[in-house]
Amino acid sequence: MTAFQTLAILLTFAALGAYINKRFLRLPATIGLMFVALVMSLLAIGFNQLGWIDLRATSSFVAHIDFSAILLHGMLSFLLFAGAMHVDLAELRKYKTLVGILATLGVVMATFITGSLVWLAAGWLGFSFPYIYALLFGALISPTDPVAVLGILKETGISKSLRVQIGGESLLNDGVAVVLFLILLAIANPHMSKPSPPQIAFILAWAGIGGIALGLALGWLTFQALHSINDYKIEVMMTLALAAGGYALAEFVHVSGPLAMVAAGLILGNHGGAFGTSPKNRKHLDMFWEMLDETLNAVLFMLVGLEMMVITITSPHLAMGLIAIIAVLVGRFISVGLPVFIGRFRYKLQRGTIRLMTWGGLRGGIAIALALSLPPGPEKDLILGMTYLVVIFSVLFQGTTFRHLAQTIAHRG
């Protein structure tokens, strides 16, 4: 099957899922699309077990989709850039220290807390699960998924300041977590040389600071170019080139592509409209990126749901998955709670911020993509099963109840 045929099928499924959700379910788009895809997958699996249909061709199609490559080396650049364009940089600056701590030390803290709890549970249940692989699971599942988070935040009534805190942290912690994941993966690989602590510090600094610096530089250059023209078609093309070319350049020089796209999106979103483009052109630009963001979101979460056809979840995986859900929430609560508790003396934080940030820390396709990138083996199977169950719980349960939690806290406040 060609790349075009694969894309055509995914777009068709995504459009069908979006229509069903809008027409009948009326759930938030992210949740509705994933729910439709999961139902389709489960029905197909059930009919296959009954012998009513032959699922081999469909399963083969889904299995041959390189989910990790499509997301991490393609869609993610556009999704992060689009998300960052709509974050209020002035509001984000008010909480820059808190968001920075949450996106760095918070991710590291959550990685070790979640990984350690899962490792202890695996030993108690009799699983052979090396600690380094438990940390790998912690690294891929600890950061909140900006695609899922931003999709939910658009449809909730929480305050602007809290939206900026959750959304800003989600955009930034993804880049940090990917670098941490790759370092742990190198340590876990017996055929690769183990990086020393100074090397780890250098890799983190180069990837993180280098990614932000590259994104700022590319965003500023693009902003200067947009300022010199008045043609929205060319402006759209230039922002597309920035998102695709900038991400590719970041990967080429081994800095964080996600952080580069977030930095570039913040520059274009907050300065391009005020100083670079006319109001009419800005409207066209926003409409284009909103449409592209919605389309890619639909494809992504439809694909996440369809992956159910090829992911094997056994009873032991189910037990570990349920434990992993609790471990992830505990890790998130502590890693968010400590910085926010300390930060309350400096910032006027909304009542219930810790609970909202804990429950609103959704996981999505990025976690699954990282799990799929692991080398084959029993550890990968266990991590993939746990990751998939955490993502399903996160999007379908946390996502659907987040608005109610926010309203309850606001009412009590």
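Bear in mind the structure is a predicted one, so any value in this text is a computation, not a measurement.
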Between [X] (side chain) and [Y] (backbone), is there a donor-acceptor pair under 3.5 Å?
X    : Y    : result
S170 : I166 : no
R93  : D88  : no
Q398 : W359 : yes
K380 : L374 : yes

Are any non-hydrogen side-chain atoms of [X] and [Y] less than 4.5 angstrom apart?
X    : Y    : result
L171 : L266 : no
L38  : L396 : yes
I212 : V255 : no
Q224 : S228 : no
T295 : L11  : yes
E235 : T239 : no
P258 : L76  : yes
I392 : M34  : yes

Inset, instruction - Before giving the answer on side-chain contact (heavy atoms from CB on, under 4.5 Å), spell out for L300 and L79 the whole-Å C-alpha distance, their side-chain angles and the decisive distance to 0.1 Å. - result: CA-CA 10 Å; L300 172 59; L79 290 166; 4.1 Å; yes

To the nearest 0.5 Å, tell me how far [X] [atom1] sits from [Y] [atom2].
X    : Y    : atom1 : atom2 : value
L140 : T111 : CG    : OG1   : 8.5 Å
M309 : L42  : CE    : CG    : 9.0 Å
N281 : K233 : CG    : NZ    : 9.0 Å
L303 : I9   : CG    : CD1   : 12.0 Å
S59  : M308 : OG    : CE    : 12.0 Å
L226 : L268 : CG    : CG    : 6.0 Å

Report, one line per pair, each donor and acceptor closer than 3.5 Å where one atom sits in a side chain of residues 362-373; sequence neighbours left out.
| residue | atom | partner | partner atom | Å |
| --- | --- | --- | --- | --- |
| R363 | NE | I141 | O | 2.6 |
| R363 | NH1 | G361 | O | 2.5 |
| R363 | NH2 | I141 | O | 3.4 |
| R363 | NH2 | S142 | O | 2.8 |
| S373 | OG | L370 | O | 2.6 |

Minimum heavy-atom separation for [X] and [Y], please, with both atom names.
X    : Y    : value
H317 : D381 : CE1-O, 3.7 Å
G321 : V390 : O-CG2, 4.5 Å
G305 : A37  : CA-CB, 3.5 Å
I229 : M238 : CD1-SD, 4.0 Å
G32  : N21  : CA-OD1, 3.3 Å
G168 : L92  : CA-CD1, 4.1 Å

Could you pull out all residues at least two apart from [X] that satisfy ring pair (Phe, Tyr, Trp, His ring centres under 6.0 Å)?
X    : result
F129 : none
Y95  : Y347
H73  : none
F393 : F397

Inset, instruction - Quickly, which of L184, I183, L185 forms a side chain to side chain contact (heavy atoms under 4.5 Å, CB included) with F181? Name it, please. - result: L185

Legend entry - Of I325, L117, T358, the residue whose pairing with V330 passes side chain to side chain contact (heavy atoms under 4.5 Å, CB included): L117

Inset, instruction - Identify, with sequence neighbours excluded, every residue that meets side chain to side chain donor-acceptor pair (under 3.5 Å) alongside D174. - result: none

Legend entry - Partner set under side chain to side chain donor-acceptor pair (under 3.5 Å) for W119, not counting sequence neighbours: none

Inset, instruction - List the steps, then state whether side-chain contact (heavy atoms from CB on, under 4.5 Å) holds for D293 with F78. - result: CA-CA 7 Å; D293 186 35; F78 302 106; over 6 Å; no

Inset, instruction - Sort and list the pairs that fulfil salt bridge (charged side-chain N to carboxylate O under 4.0 Å, His left out) and have at least one residue in residues 304-332, not counting sequence neighbours. - result: E169-R332

Legend entry - Qualifying salt bridge (charged side-chain N to carboxylate O under 4.0 Å, His left out) pairs with a residue from residues 4-18, counting only residues at least two apart or across chains: none

Legend entry - Neighbour count above 12 (heavy atom, 6.0 Å) for Y131 OH: yes

Inset, instruction - Report, as yes or no, whether the 6.0 Å neighbourhood of atom CD1 on I209 holds more than 12 heavy atoms from other residues, nucleotides or ligands. - result: no

Enumerate, atom names and distances included, each donor-acceptor pair closer than 3.5 Å involving a side-chain atom of residues 198-207, sequence neighbours excluded.
| residue | atom | partner | partner atom | Å |
| --- | --- | --- | --- | --- |
| Q199 | OE1 | S196 | N | 2.7 |
| Q199 | OE1 | S196 | OG | 3.3 |
| W206 | NE1 | V253 | O | 3.2 |
| W206 | NE1 | H254 | O | 3.1 |

Legend entry - Of all pairs that satisfy ring pair (Phe, Tyr, Trp, His ring centres under 6.0 Å), the ones with a partner from residues 282-314, not counting sequence neighbours: F81-W289, Y232-H284

Inset, instruction - Only pairs at least two apart or in different chains count here, so list each ring pair (Phe, Tyr, Trp, His ring centres under 6.0 Å) that has a residue in residues 6-40. - result: none

Legend entry - Test log, rule side-chain contact (heavy atoms from CB on, under 4.5 Å), inputs I65 and L10: CA-CA 10 Å; I65 297 174; L10 289 176; 4.2 Å; yes

Inset, instruction - Go through the steps for M302 and L16 under the test side-chain contact (heavy atoms from CB on, under 4.5 Å), then give the verdict. - result: CA-CA 10 Å; M302 180 59 64; L16 178 61; over 6 Å; no

